[in-house]
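Let me begin by presenting the structure, written as structure tokens, before commenting on it.
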Amino acid sequence: MKKELQEKLVGFPIEEFRHNLLSWYKAEKRDLPWRMDQDPYKIWVSEIMLQQTRVDTVIPYFHNFIEKFPTIEALATADEEDVLKAWEGLGYYSRVRNLHAAVKEVKEVYGGIVPNTPEEISKLKGVGPYTRGAILSIAYDIPEPAVDGNVMRVFSRILSIWEDIAKPKSRKTFEDATYELISKEDPSSFNQAVMELGALICTPTSPSCLLCPVREQCTAFEEGVQAELPVKSKKKKPKPLQMAAVVLYDEQGKLYIHKRPSSGLLANLWEYPNVEIDADSEKTYREQLNQFLLEEYTVEADLSELVGTVEHIFSHLIWNISVFVGKINNQPNKDLLPVTLEELQKYAFPVSHQKIYRLYEAEGTAGR
DNA sequence: TACTCGTGGCT
DNA sequence: TAGCCAAGAGT
């Protein structure tokens, strides 16, 4: 442990902090669906869904996912297409691909029981230091730190830690702090209580210090610097990218969709044919799209005029998509799958391509 | 380490 | 409104 942290912990009222925090948590904790029991599988699923994702967003996905895949066995034997569909719209899709693979491993290697040692659980795909600690503490009552953004924010204020929480190496400081402060009697409630406090009281902007159960133990509040903490360096702006996409249809009213590669952005999701536009080219967007369709899919199509644009903002990218529709005149190659509108419902699309479909729908009702 | 990897809500 | 933010992990 770093010397600065050790010094901060000397004389810190640990017992009062724990007691006040846990009493508050027991009285005020939210009634969340993954808090109904201590099923390690359900806690695992919830922790993966909650990564970089708000509680209110996760709740309906969690209900649906557990209904469709109630057990390790059910998820392990499910089709990847169905699993991805249950994640559609949640984002960070590698989470569910890794979860699916890890659940299969738990079934095969651990007899369907989620392992309860740091070493074994860390080997599972998609389980990093936070999720490891969360499962061990919440499902198995083992006093391990589960350091997420909430924990770093809360402890940076409680202990006046001025390290940049955006830097990966500062995580260790907060893990060290947690080892010292965590309740050995109820590590599950302790870890959840710190996160709950971060979500409800010790919020990023304008924390509700007057309602805080550990205000008396908070060194940042004592010094009036709670608004200056945590220190967090800024991330860079997303880079804009010009795209063109087309919803292709044929005489039978089938649509033509493409499965994205198994790695990278939106891996394994389906999409409407699209290409990055060269803004410096002499060719129009429509001409560039036509050329791409021919070269990539051997498609000859009558493209419409522009039917609309879709903007979609990722963490690191902005897609500006010009959308066309097109009647297909020949048989495309195997990289393009013809589907009926009913079949379309089985495939998972990123939100950006759901928006593209809506433009096609609107265009259809308008004229075609 | 720094970058990739989604989405929607909030200020 | 433009940025910021949310129970992070993989590479």
Side-chain angles (χ1 to χ4, degrees), chain A residues 29-30 32-35 42-62 84 87-99 101-102 121-139 145-154 164-171 174-175 178 188 190-200 202-206 230 232-241 260-269 271 310-319 348-355:
Chain A
K29 68 176 175 183
R30 289 169 292 179
L32 300 174
W34 44 90
R35 287 180 176 164
K42 284 190 264 182
I43 289 166
W44 182 9
V45 170
S46 76
E47 291 302 340
I48 301 299
M49 285 188 171
L50 285 163
Q51 289 171 10
Q52 301 293 285
T53 311
R54 292 174 188 286
V55 165
D56 290 342
T57 302
V58 166
I59 289 173
Y61 281 91
F62 179 81
L84 204 52
W87 209 268
E88 182 184 48
L90 245 196
Y92 286 139
Y93 299 94
S94 66
R95 291 184 294 177
V96 75
R97 193 176 59 248
N98 289 335
L99 174 64
I121 209 167
S122 277
K123 290 181 192 163
L124 299 172
K125 284 185 185 173
V127 178
Y130 164 75
T131 305
R132 173 185 66 210
I135 295 173
L136 289 173
S137 61
I138 298 172
V147 174
D148 70 336
N150 288 308
V151 174
M152 291 195 280
R153 182 173 61 258
V154 169
D164 183 355
I165 66 168
K167 305 286 185 190
K169 67 172 185 177
S170 59
R171 155 189 297 282
F174 295 95
E175 288 177 343
T178 304
S188 169
F190 181 90
N191 279 346
Q192 291 185 82
V194 179
M195 292 188 275
E196 196 82 340
L197 190 73
L200 300 181
C202 196
T203 48
T205 58
S206 57
K232 189 173 185 181
S233 53
K234 299 191 205 307
K235 42 187 148 185
K236 63 177 191 179
K237 285 186 187 174
K239 172 186 164 188
L241 223 51
R260 294 179 60 87
S262 58
S263 67
L265 185 68
L266 304 168
N268 286 349
L269 272 72
E271 66 182 359
V310 165
E311 182 193 64
H312 194 80
I313 303 173
F314 299 87
S315 323
H316 58 298
L317 285 176
I318 301 178
W319 279 356
F349 288 82
V351 170
S352 48
H353 283 256
Q354 296 171 24
K355 295 178 188 170

List for me each residue that meets side-chain hydrogen bond (donor to acceptor under 3.5 Å, both in side chains) alongside [X], sequence neighbours excluded, and say none if there are none.
X      : answer
A:T205 : none
A:S137 : A:N191
A:S188 : A:Q192

side-chain contact (heavy atoms from CB on, under 4.5 Å) involving [X] - partner list, sequence neighbours excluded:
X      : answer
A:A101 : A:K125
A:P129 : A:R132, A:R171, A:E175
A:R54  : A:T57

Indicate, with a heavy-atom threshold strictly under 4.0 Å, whether [X] touches base, sugar-phosphate, or nothing.
X      : answer
A:V127 : sugar-phosphate
A:W319 : nothing
A:R30  : base
A:I135 : nothing
A:K232 : sugar-phosphate
A:R132 : nothing

Does A:R260 come within less than 4.0 Å of A:E271, counting only side-chain N to carboxylate O? yes
I need the A:K42 NZ to A:I138 CD1 distance, nearest 0.5 Å. 14.5 Å
For the [atom1] atoms, the ones on [N] and on [M], what distance do you get once it is rounded to whole angstrom?
N     : M      : atom1 : result
C:dC4 : B:dG6  : C1'   : 15 Å
C:dA7 : B:dT11 : P     : 15 Å
C:dG8 : B:dT1  : C1'   : 16 Å

Extract all donor-acceptor atom pairs below 3.5 Å that involve side chains of residues 89-96 of chain A and protein atoms in other chains or at least two apart in sequence.
from	atom 1	to	atom 2	distance (Å)
A:Y92	OH	A:S315	OG	3.4
A:Y93	OH	A:G89	N	3.0
A:R95	NE	A:Y92	O	3.2
A:R95	NH1	A:I48	O	3.0
A:R95	NH1	A:M49	O	2.9
A:R95	NH1	A:Q51	O	2.9
A:R95	NH1	A:T53	OG1	3.2
A:R95	NH2	A:L90	O	3.3
A:R95	NH2	A:G91	O	3.0

What is the 5' to 3' range of DNA chain C, first to last nucleotide, that sits under 4.0 Å from any heavy atom of chain A? C:dG3 to C:dG10
Could you write nucleotides 4-11 of chain B as a row of B, S and -, 5' to 3', where a protein heavy atom under 4.0 Å of any base atom gives B, of only sugar-phosphate atoms gives S, and otherwise -? SBBBBB--
